[in-house]
Amino acid sequence: MIRGIKGIKDITPDEMPKWSVVERTAHALAHVFGFEEIRIPVFEKTDLYVHSIGGTTDIVEKEMYTFPDKDGTSLTLRPEGTAGVVRAFIERGLKTYQPSRKLYYIGPMFRHERPQAGRLRQFHQFGVEYVGSPEPAADVEVITLLWRFFSVLQLPGLSLELNSLGVLTDHQAYKKDLVSFLKTKEDRLCENCRRRLETNPLRALDCKVPGCREATKEAPFLTDFLSPSSKDHFDQVLQGLEALAIPYSLNPRLVRGLDYYSMTTFEVSCSALGAQNAIGAGGRYDGLFETLGGPSTPAVGFALGLERVILALPESTLPQPVPWIFVASFGEKGRPAGLSLLYSLRSKQVKADTDYTAATLKTLLRSADRLGAPYVAILGDDEVTKNEVILRNMATKEQEIFPLDTASSAIPAHLQSR
RNA sequence: GUGGGUGUAGCUCAGUUGGUUAGAGCGCCGGAUUGUGGUUCCGGAGGUCGCGGGUUCAAUUCCCGUCACUCACCCCA
């Protein structure tokens, strides 16, 4: 037997109601906030991701699904969405129409990681990109949309953390200072963090090893290195969130894993999840357009993981199922009359179904029960002769008689009125 | 990439200090009930005990390997 690939899951019909609610909410909320959907390819030239995400990040170094095209060009299954959106933006000249543009996407992403609760090799993200505005209000809007999304879905145990990396020169200066600080404590750092000194020193602040926590207690704060304008921008973001009553906390140690972030960064975590509790995150990436060969363009966005949302989604968020009708027809005259009723109901946009393998009323009712049908239309030879159809309420066992020739309108109307 | 846990019926899991026909609950099929489901009663089907090797008179049980699933590290959504 050929099995599916490790870390790649089927989304079965049982799980689809949750996915539908989550996706519908994403589309609706993005629309209300004035974001337009964009669909970008699931694979691109490898260089795009290397240049945008950063060559020394884990994603690029060991997590990408990369393969050669027939002509040898290196291609990669997208590990995230922002790079592709920015590429499309530049390539299609989307900026020429208006000063700023707000886009969103929903779709699968691919990373070759060891699977775990809330972490898969093919997973799905909903992300937005507010392109063209350097204003703090744009940051506020993106963060607010992220927070509202989770709130509307009633996810429990959420917390929003914010930080500012400042502009490039700010955090370069900081990085230098931090490295020299860490060097003085090098013997107390874990092996991992000693390696990070070279690759990604900011991550050492995030380390969970107690020794490292202790050693980095006195570390310089990024916040102290922010230029006045960076600081001012960040303050305005915070004020904007307060005005909208979005609860947040500051985390000067919050570091994002992708190289392109600058200024505001944020992350929402959910205590209802396991170890992988980051459910949505993002930030400003004012330098990315230039990095990818486009015009200098400020932008801010987020991405959130749909699988993690679904793991945390409470049952109460699911909508009530709509009533529908199981047609139980049998006998020489009943069968064709039932088929006719079945398709009449469907043509009136009413969900109706039957079981062609069941031939007796008993087996038909059993099928109806297993399918969870709230109503069954019973139609045998006797009913056809009398121009009748019986509507049975499966929960209460009540049965009502309708004239057969007008049943396809009368039954839906009757259900509506209840 | 590293470490831990778990692989027995469709599902959830017992079990065997190594011993002959491997169990339960739920589900499934049939009957009681030839025009009334879900409840009840009776009967039934369904298992290479993950796979490969080793030890042994004998392995589902012990040992080694391997694969899968899973949780955690790392990292991230």
Side-chain angles (χ1 to χ4, degrees), chain A residues 1 3-9 14 22 53 56-64 78-82 106-127 146 149-150 190-193 195-196 199-200 203 206-209 254-258 266-270 273-283 301-312 326 328-331 334 355 358-384 390-399:
Chain A
M1 161 194 184
R3 305 181 53 111
I5 302 165
K6 184 198 279 285
I8 299 196
K9 285 230 168 89
D14 290 349
V22 169
I53 297 168
T56 63
T57 58
D58 275 23
I59 293 178
V60 169
E61 275 186 343
K62 46 195 190 197
E63 295 175 1
M64 297 204 303
R78 63 182 187 192
E80 58 103 43
T82 301
I106 292 185
M109 306 294 164
F110 306 85
R111 292 182 199 171
H112 188 103
E113 298 185 270
R114 195 78 173 261
Q116 173 182 343
R119 193 171 74 184
L120 296 169
R121 291 184 175 179
Q122 174 174 334
F123 61 103
H124 297 76
Q125 288 189 331
F126 161 44
L146 178 65
F149 177 77
F150 296 136
C190 70
E191 196 183 323
N192 234 319
C193 283
R195 188 172 49 79
R196 283 172 175 143
T199 57
N200 197 346
R203 290 227 74 95
D206 232 12
C207 189
K208 285 157 198 138
V209 177
L254 177 68
V255 178
R256 308 266 67 249
L258 286 61
F266 50 90
E267 177 173 312
V268 175
S269 53
C270 175
L273 296 172
Q276 307 303 318
N277 66 352
I279 196 166
F302 71 68
L304 61 87
L306 298 186
E307 279 82 0
R308 291 183 187 178
V309 171
I310 281 160
L311 281 176
F326 181 98
S329 65
F330 52 99
D355 176 2
T360 64
L361 181 55
K362 184 188 178 69
T363 52
L364 283 161
L365 281 171
R366 191 168 58 209
S367 290
D369 188 59
R370 286 181 192 180
L371 291 169
Y375 295 95
V376 174
I378 298 174
L379 194 49
D381 291 348
D382 295 355
E383 283 73 25
V384 174
I390 300 168
L391 185 68
R392 178 179 176 85
N393 179 322
M394 290 295 274
T396 64
K397 295 183 165 187
E398 279 177 289
Q399 300 195 157

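Just so it is clear: chains get the letters A, B, ... in the order the sequence lines come, proteins before strands, and each one is counted from 1.
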Reading nucleotides 30-45 of chain B 5' to 3', which nucleotides get B (base under 4.0 Å from a protein heavy atom), which S (sugar-phosphate only), which -?
S--B-BBBB-------
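Listed by first and then second residue, the salt bridge (charged side-chain N to carboxylate O under 4.0 Å, His left out) pairs that reach into residues 106-123 of chain A are A/E113-A/R119, sequence neighbours excluded.
Residues satisfying the salt bridge (charged side-chain N to carboxylate O under 4.0 Å, His left out) criterion with A/K9, sequence neighbours excluded, are absent altogether. Residues satisfying the ring pair (Phe, Tyr, Trp, His ring centres under 6.0 Å) criterion with A/F302, sequence neighbours excluded, are A/F126.
Nearest heavy-atom pair, A/A278 versus A/E267, reported as atom, atom and distance to 0.1 Å: CB-OE2, 3.7 Å. Minimum interatomic distance between A/S367 and A/D355 (heavy atoms only, all atoms of both residues): OG-OD2, 2.6 Å.
No contact: A/K62 has no heavy atom under 4.0 Å from any strand. Within 4.0 Å (heavy atoms only), A/A368 reaches no atom of the nucleic acid at all. Looking at heavy-atom distances under 4.0 Å, A/G274 makes contact with sugar-phosphate atoms alone, never a base. At the heavy-atom level, A/L311 lies nowhere under 4.0 Å from the strands shown.
Straight-line distance between the P atoms of B/G46 and B/C41: roughly 24 Å, to the nearest whole Å.
A stem is defined here as three or more consecutive Watson-Crick or G-U pairs, each with both distances under 3.5 Å; for RNA chain B these stems are B:1-7 with B:67-73, B:10-13 with B:23-26, B:28-32 with B:40-44, B:50-54 with B:62-66.
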Sequence neighbours excluded and cut-off under 3.5 Å, please list the side-chain donor-acceptor pairs for residues 372-382 of chain A, or say none.
residue	atom	partner	partner atom	Å
A/Y375	OH	A/R418	NE	3.3
A/D381	OD1	A/E332	N	3.2
A/D381	OD1	A/K333	N	2.8
A/D381	OD1	A/G334	N	2.9
A/D381	OD2	A/E332	N	3.4

